[in-house]
Amino acid sequence: VELGNGRKITVVPVPSANRWQDVVLGRMKWATSTIEKMIRKEADYLFMMDIDSVFHNRFGAESLSRLSAVLHRGYYKNTPRDGFPYERRENSKAYIPAGEGDYYYTAAVWGGYLEDMYKLVKYCYEMSVEDAKNNIEAVWQEESHLNRYLLYNKPTKVLSPEYLWSDYDQVPGDIKVVRISQLVKNYAEVRPNGGN
């Protein structure tokens, strides 16, 4: 990455995990502690993004708000509210009752004002810890907790799936530009315990 004057990249190593589910759940833990220890002193905004994301087009200031969330490409049209893959088990802290919910958001790209992001990641981390104490794991790990949080703490900007498409899926006519996409990958290679 070619950086402009006065810009720098800091790499924050995180430990590996035996399960890919623990990797995604762990992102909330590491984001919480990294904001507390480092980022809070250096930034006003924070965007979180899966590492397998590729920029194809401009991703600019139009995406900024107190809290920006991206509609999940698989559920942004033609999916009724009760068809969203929310956590429906009442004993999970990510539980969303049938008949509730506005949209289904991806956990692969989201961002906003640093303090709003801190509240979100800390909440998701703490709720996943509570779930673990109760021997339950939300159906879509951190994405389930993210969707629960955003149901009761509405994003101030909802971004279309053009902000995260996927190289697995053909681009439909209503998506005029793909800004970011996720790469096709060999899950057996990148996920320690397999899975899609």
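Nothing here was measured: the structure is a model prediction, and the numbers come from that model.
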Could you state the interatomic distance from OH (Y123) to CG (L146), rounded to the nearest 0.5 Å?
10.5 Å
Walk me through whether E162 and N57 qualify under side-chain contact (heavy atoms from CB on, under 4.5 Å).
CA-CA 10 Å; E162 71 188 53; N57 285 290; over 6 Å; no
Which atoms form the tightest heavy-atom contact between M49 and R27, and what is the distance?
C-NH1, 4.4 Å
Show the numbers, then the answer: is there a side-chain contact (heavy atoms from CB on, under 4.5 Å) between Y149 and K119?
CA-CA 10 Å; Y149 183 88; K119 289 176 192 172; 3.6 Å; yes
Is it the case that Q182 and D50 place a side-chain donor and acceptor less than 3.5 Å from each other?
yes
Salt-bridged, R89 to E87, with N to O below 4.0 Å?
yes
Side chain to side chain contact (heavy atoms under 4.5 Å, CB included) with W110: of V70, L46, L120, only one passes, and it is L120
Hey, does V12 have a side-chain heavy atom less than 4.5 Å from the side chain of M38?
yes
What heavy-atom pair brings P85 and W140 nearest, and what distance separates the two atoms?
O-CD1, 3.5 Å
Distance (rounded to the nearest 0.5 Å) between S68 OG and M117 CE:
9.0 Å
Is any side-chain heavy atom of D102 closer than 4.5 Å to one of L151?
yes
Gap separating the CG atom of D131 from the CD atom of E126, nearest 0.5 angstrom:
12.5 Å
Can you get from V177 to I180 by hopping between Ile, Leu, Val, Met, Phe, Trp and Tyr side chains that sit under 4.5 Å apart?
no
Within the side chain of S63, is there an N or O that forms a donor-acceptor pair under 3.5 Å with the backbone of G60?
yes
With the 4.5 Å side-chain cut-off for hydrophobic clustering, are F47 and Y118 part of the same group?
no
Is F55 reachable from L64 through a run of I, L, V, M, F, W or Y residues, each pair having side-chain heavy atoms under 4.5 Å apart?
yes
Report yes if the distance between the aromatic ring centroids of Y103 and Y76 is under 6.0 Å, otherwise no.
no
Just verifying a value: how many Å separate M28 CE and Q141 CD, rounded to the nearest 0.5 Å?
11.0 Å
Within 45° of the ring axis of Y86 and under 6.0 Å from its six-membered ring centre, is that where the NZ or CZ of R148 lies?
no
Applying salt bridge (Lys or Arg N to Asp or Glu O under 4.0 Å) to K77 and not counting sequence neighbours gives D174
Any donor-acceptor N or O pair under 3.5 Å, side chains Y104, E143:
yes
Do V109 and I35 land in one hydrophobic cluster if side-chain heavy atoms of ILVMFWY residues count as linked below 4.5 Å?
no
Taking OH in Y113 as the centre, count heavy atoms belonging to other residues, nucleotides or ligands within less than 6.0 Å. Is the count above 12?
no
Can you see whether Y95 engages E100 through a side-chain donor-acceptor pair at a distance of less than 3.5 angstrom?
no
Taking atom CD of Q170 as the centre, does the number of heavy atoms from other residues, nucleotides or ligands within less than 6.0 Å exceed 12?
no
K122 NZ: over 12 foreign heavy atoms closer than 6.0 Å
no
Tell me, with the steps shown, if I96 and R88 meet side-chain contact (heavy atoms from CB on, under 4.5 Å).
CA-CA 6 Å; I96 296 177; R88 299 296 190 185; 4.0 Å; yes
Between E142 and C124, is the side-chain contact (heavy atoms from CB on, under 4.5 Å) condition met? List the steps.
CA-CA 7 Å; E142 93 290 11; C124 292; 5.5 Å; no
Is there a side-chain contact between P161 and H72, using heavy atoms and a 4.5 Å cut-off?
no
So which atom in H56 and which in S181 form the shortest heavy-atom distance, rounded to 0.1 Å?
NE2-OG, 2.7 Å
If you measure only the distance, is there a donor-acceptor pair under 3.5 Å linking the side chains of Y163 and E62?
yes
Would you call D116 and R66 a salt bridge, taking side-chain N to carboxylate O under 4.0 Å as the test?
yes
Search all heavy atoms of K41 against all heavy atoms of K37 and return the closest pair with its distance.
NZ-O, 3.4 Å
To the closest 0.5 Å, what do you measure between OH (Y45) and CG (L67)?
11.5 Å
Are side-chain heavy atoms of P172 and W165 found at a separation under 4.5 Å?
yes
Over all atoms of both residues, closest heavy-atom pair of G74 and T79
O-OG1, 3.9 Å
Nearest heavy-atom neighbours spanning S65 and T156:
OG-OG1, 2.8 Å
For the pair E130 and K93, find out whether any cationic side-chain nitrogen is under 4.0 Å from an anionic carboxylate oxygen.
no
Answer yes or no: are there more than 12 heavy-atom neighbours, outside K154 itself, under 6.0 Å from its atom NZ?
yes
To the nearest 0.5 Å, tell me how far L164 CG sits from S53 OG.
5.5 Å
Using a 4.5 Å cut-off on heavy atoms from C-beta on, say whether the side chain of L71 contacts that of V158.
yes
Please identify each residue that fulfils salt bridge (Lys or Arg N to Asp or Glu O under 4.0 Å) with E36, with sequence neighbours left out.
none
Does any non-hydrogen side-chain atom of V121 lie less than 4.5 Å from one of T32?
yes
